Amino acid sequence: MKRKRRRLALSEPVEGASGKTGSWRTYQPLVNRELCNQCGLCVLYCPEAAISEEQEMDLRFCKGCGICANECPKKAIRMIREER
Ligand code: SF4
Ligand code: SF4
């Protein structure tokens, strides 16, 4: 099977000493696909490596810090409060 070629050298999210960081979250990021220009900055800035090249957030590891939303030059990411 042919492996998908990656554009970016990315880390993979892993479980740390305090477990999966997704349990810390109060807000979660939501990407507006119409505004996103696929620049990849959110992927590079995410401290948990929780964003894929396709801007899919891995909610097992996204801790809701909002760095991706803050760094997005197109303001394409909105942080929305989670109901649990
Ligand atoms: S930083 Fe913003 S514009 Fe760039 S890929 Fe991420 S969501 Fe899209
Ligand atoms: S809010 Fe954004 S930058 Fe922070 S952990 Fe989640 S996906 Fe990564």
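Computed from heavy atoms alone, side chains included, the values below leave out hydrogens, waters and symmetry copies. First listed ligand is number 1; within each ligand, the first listed atom is number 1. Quick caveat: nothing in here was measured; it's all calculated off a predicted structure.
Interface of Ile51 with ligand 2, defined as ligand atoms under 4.0 Å from a residue heavy atom, comprises 7 (S). If you number the atoms of ligand 2 from 1 as listed, the ones under 4.0 Å from a heavy atom of Cys65 come out as 1 (S), 3 (S), 4 (Fe), 5 (S). In summary, the atoms of ligand 2 found under 4.0 Å from a heavy atom of Gly64, numbered by their order in the structure, are 1 (S), 6 (Fe). The distance from ligand 1 to the heavy atoms of Cys39 drops below 4.0 Å at these ligand atoms: 1 (S), 3 (S), 4 (Fe), 5 (S). Residue-ligand proximity, Cys46 to ligand 2, at heavy-atom distances under 4.0 Å covers atoms 3 (S), 5 (S), 7 (S), 8 (Fe). Here is the list of ligand 1 atoms found below 4.0 Å of a heavy atom in Ile77: 7 (S). Ligand 1 places these atoms under 4.0 Å from at least one heavy atom of Gln55: 5 (S). Listed by number with element, the atoms of ligand 2 under 4.0 angstrom from any heavy atom of Pro47 are 3 (S). Set against the non-hydrogen atoms of Cys42, the atoms of ligand 1 under 4.0 Å away are 1 (S), 5 (S), 6 (Fe), 7 (S).
Atom 2 (Fe) of ligand 2 has Cys68 SG, 2.3 Å as its closest protein atom, hydrogens excluded (heavy atom only). For atom 8 (Fe) of ligand 1, the nearest protein heavy atom (residue, atom name, distance) is Cys36 SG, 2.4 Å. The shortest contact between atom 1 (S) of ligand 2 and any protein heavy atom is with Gly66 N, 3.2 Å. The shortest contact between atom 3 (S) of ligand 1 and any protein heavy atom is with Asn37 OD1, 3.3 Å. Closest to atom 6 (Fe) of ligand 2 among all protein heavy atoms lies Cys62 SG, 2.4 Å.
A donor-acceptor pair under 3.5 Å is formed between the side chain of Gln55 and the backbone N or O of Glu53. In this structure a side-chain-to-backbone donor-acceptor pair under 3.5 Å is present from Arg25 to Leu59. A donor-acceptor pair under 3.5 Å links the side-chain atoms of Thr21 to the main chain of Phe61, judged by distance alone.
Arg78 contributes atom CZ, which lies 13.0 Å from atom SG of Cys72 (distance to the nearest 0.5 angstrom). Separating the CD atom in Glu82 from the OG1 atom in Thr26 is a distance of 8.0 Å, to the nearest 0.5 Å. Distance check, rounded to the nearest 0.5 Å: SG of Cys68 to CD1 of Ile51 gives 4.5 Å. The distance from atom CE of Met79 to atom OH of Tyr27, rounded to the nearest 0.5 Å, is 9.0 Å.
Other residues, nucleotides and ligands place no more than 12 heavy atoms under 6.0 Å from the NZ atom of Lys74.
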Begin from the C-alpha positions of Met57 and Gln28 and carry the test side-chain contact (heavy atoms from CB on, under 4.5 Å) through to its verdict. CA-CA 9 Å; Met57 279 58 173; Gln28 73 170 261; over 6 Å; no

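The shortest heavy-atom distance from Ala49 to ligand 2 is not under 4.0 Å.
Nearest heavy-atom pair across Ile77 and Cys42 is CD1-CB, 3.9 Å.
The heavy atom nearest to atom 5 (S) of ligand 2, considering only Lys63, Arg25, Glu56, is found in Lys63.
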